[in-house]
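Start at 1 and go down the list; that is how both ligands and their atoms are numbered.
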Amino acid sequence: SAAAECGHQPLTPNDVKDLLHSVDAFLFDCDGVIWRGDVLIDGVRDTLDMLRSMGKKLVFVTNNSTKSRRQYAKKFHSLGITVTEDEIFSSSFAAAMFLKVNDFPKEKKVYVIGGEGILDELELAGFVGLGGPEDGKKTVELEANCLFEHDKSVGAVVVGLDPYINYYKLQYGTLCIRENPGCLFIATNRDAVGHMTDLQEWPGAGCMVAAICGSTQREPIVVGKPSTFMMKFLLKKFNVSTSRMCMVGDRLDTDILFGQNAGCRTLLVLSGVTNLSTLEDSSNHIRPDYYTSKLSDIKKLVLE
Ligand code: PLP
Ligand code: CA
């Protein structure tokens with residue numbers, strides 16, 4: 001079939017049997033796989049329960065930096081899903097862990113263009129964060145004699161989705177980076193758009209990151225998917241080989257690429273941003289090993 005020629009195929013009962021046999025850990029993207037916004041996707045809870053009862057390791061990897069791991073744990077619990085914080089890898093957590101593994105000095109500060117989730121993770125890791133939502137109401141006076149002051153002890157700027165981005169934050173982050181060549185520029189993720197509401201896509205973190213690229217002429221270090229940082233980090237934590245892992249996601253350029261870059265099997269679900277025509281379009285070169293309509297197909301097919 002055309003699908004098979006593309007190098008991917010709809011998930012079959014035999015594929016599921018093989019997957020369950022050869023995979024010890026499933027990595028799940030969250031939005032579009034587990035939930036859509038704040039609504040759990042049909043059949044997810046039972047499917048996760050089934051995988052757990054089979055002894056599979058479950059890990060949740062989200063590019064959404066607006067929450068911290070503990071905020072995500074609350075969200076999972078409110079949706080009736082049992083998880084522990086250490087099974088959750090958010091791009092907010094990844095930003096803090098990147099600084100930690102690179103021995104970022106505790107006496108330096110981190111300027112945040114983004115949400116509470118990033119500040120929360122920085123604080124938990126022992127770093128001092130500045131900016132974030134607090135700077136959302138600040139304005140600038142563009143008068144001839146105005147001099148914008150910034151804290152010279154900032155050694156890193158972290159940029160994620162920020163619905164309250166403004167000219168104050170742009171100038172702050174820009175000065176930190178431009179006036180200190182050693183300042184790190186970290187992007188939680190570069191998703192072009194995201195489902196901030198049920199009915200529409202909105203500019204994603206990639207938009208805020210691009211603003212700082214534009215003013216600084218620097219490229220960021222990306223810590224979220226598809227970067228390998230989170231994968232390396234979680235591999236250290238869980239003693240599983242990538243050849244026995246399967247990444248399940250709804251985005252080709254973040255989730256599927258993330259899994260492929262690490263040598264995991266990949267399963268695309270069509271319950272999020274990607275539909276079959278995008279997958280099969282000749283302009284798409286990212287091919288998952290399998291695709292299926294939604295996560296719960298795993299449970300449905302195992303019974304067939
Ligand atoms: N970033 C933001 C701000 C989002 O709202 C979303 C999805 O809703 C994402 C990223 C993508 O999250 P995930 O990686 O869980 O699909
Ligand atoms: Ca997703």
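- Polar contact check, Asn63 against ligand 1: a nitrogen or oxygen pair lies under 3.5 Å apart.
- Contacts of Asp31 with ligand 1, taken as heavy-atom pairs under 4.0 Å, involve both backbone and side chain.
- Within Asp250, the N/O/S atom positioned nearest the Ca ion (ligand 2) carries the name OD1.
- With hydrogens and angles left out, the side-chain atoms of Thr82 and Arg52 include no donor and acceptor closer than 3.5 Å.
- Scanning the protein for heavy atoms near atom 11 (C) of ligand 1, the closest one is Asp191 OD2, 3.7 Å.
- Residue Asp29 touches ligand 1 through its side chain alone, judged by heavy-atom distances below 4.0 Å.
- Residue-ligand proximity: Cys30 is placed with a non-hydrogen atom under 4.0 Å from ligand 1.
- Of all protein heavy atoms, the one lying nearest to atom 4 (C) of ligand 1 is Asn64 ND2, 3.2 Å.
- Checked by atom type, the side-chain pair Gln171/Thr174 shows no donor-acceptor distance below 3.5 Å.
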### Message
Would Ile88 and Phe76 count as a side chain to side chain contact (heavy atoms under 4.5 Å, CB included) here? Give the steps.
### Response
CA-CA 10 Å; Ile88 302 168; Phe76 276 102; 3.9 Å; yes
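- Looking only at atom types and distance, the side chain of Ser283 has a donor-acceptor partner in the side chain of Asp281 under 3.5 Å away.
- Which parts of ligand 1 touch Lys225 is read off a 4.0 Å heavy-atom cut-off, strictly below it: atoms 14 (O).
- Each of Lys237, Met231, Lys232 was checked for a side-chain contact (heavy atoms from CB on, under 4.5 Å) with Leu235, and the lone residue meeting it is Met231.
- In this pair, Phe233 and Phe93 present their aromatic rings perpendicular. The plane angle is above 60°, beyond the 30 to 60° band.
- Taking a cut-off of under 4.0 Å to the non-hydrogen atoms of Met196, the atoms of ligand 1 that pass are 3 (C), 5 (O).
- Under 4.0 Å from ligand 1, the heavy atoms of Leu161 that appear belong solely to its side chain.
- Not one N or O of Asp255 is nearer than 3.5 Å to an N or O of ligand 1, by distance alone.
- Here's the thing with Thr62: one of its N/O atoms is less than 3.5 angstrom from an N/O atom of ligand 1.
- Side-chain polar atoms of Thr278 and Asn275 form a donor-acceptor pair below 3.5 angstrom.
- In this structure, Lys57 fails the cation-pi test against Phe26, since its NZ or CZ atom is not both closer than 6.0 Å to the six-membered ring centre and inside 45 degrees of the ring normal.
- Atom CG in Leu252 sits 5.0 Å away from atom CG in Asn284 (nearest 0.5 Å).
- With a 4.0 Å heavy-atom cut-off, ligand 1 is reached by no atom of Arg251.
- The Ca ion (ligand 2) is the vertex of the angle joining O of Asp31 and OD2 of Asp29, which measures 80° to the nearest 10°.
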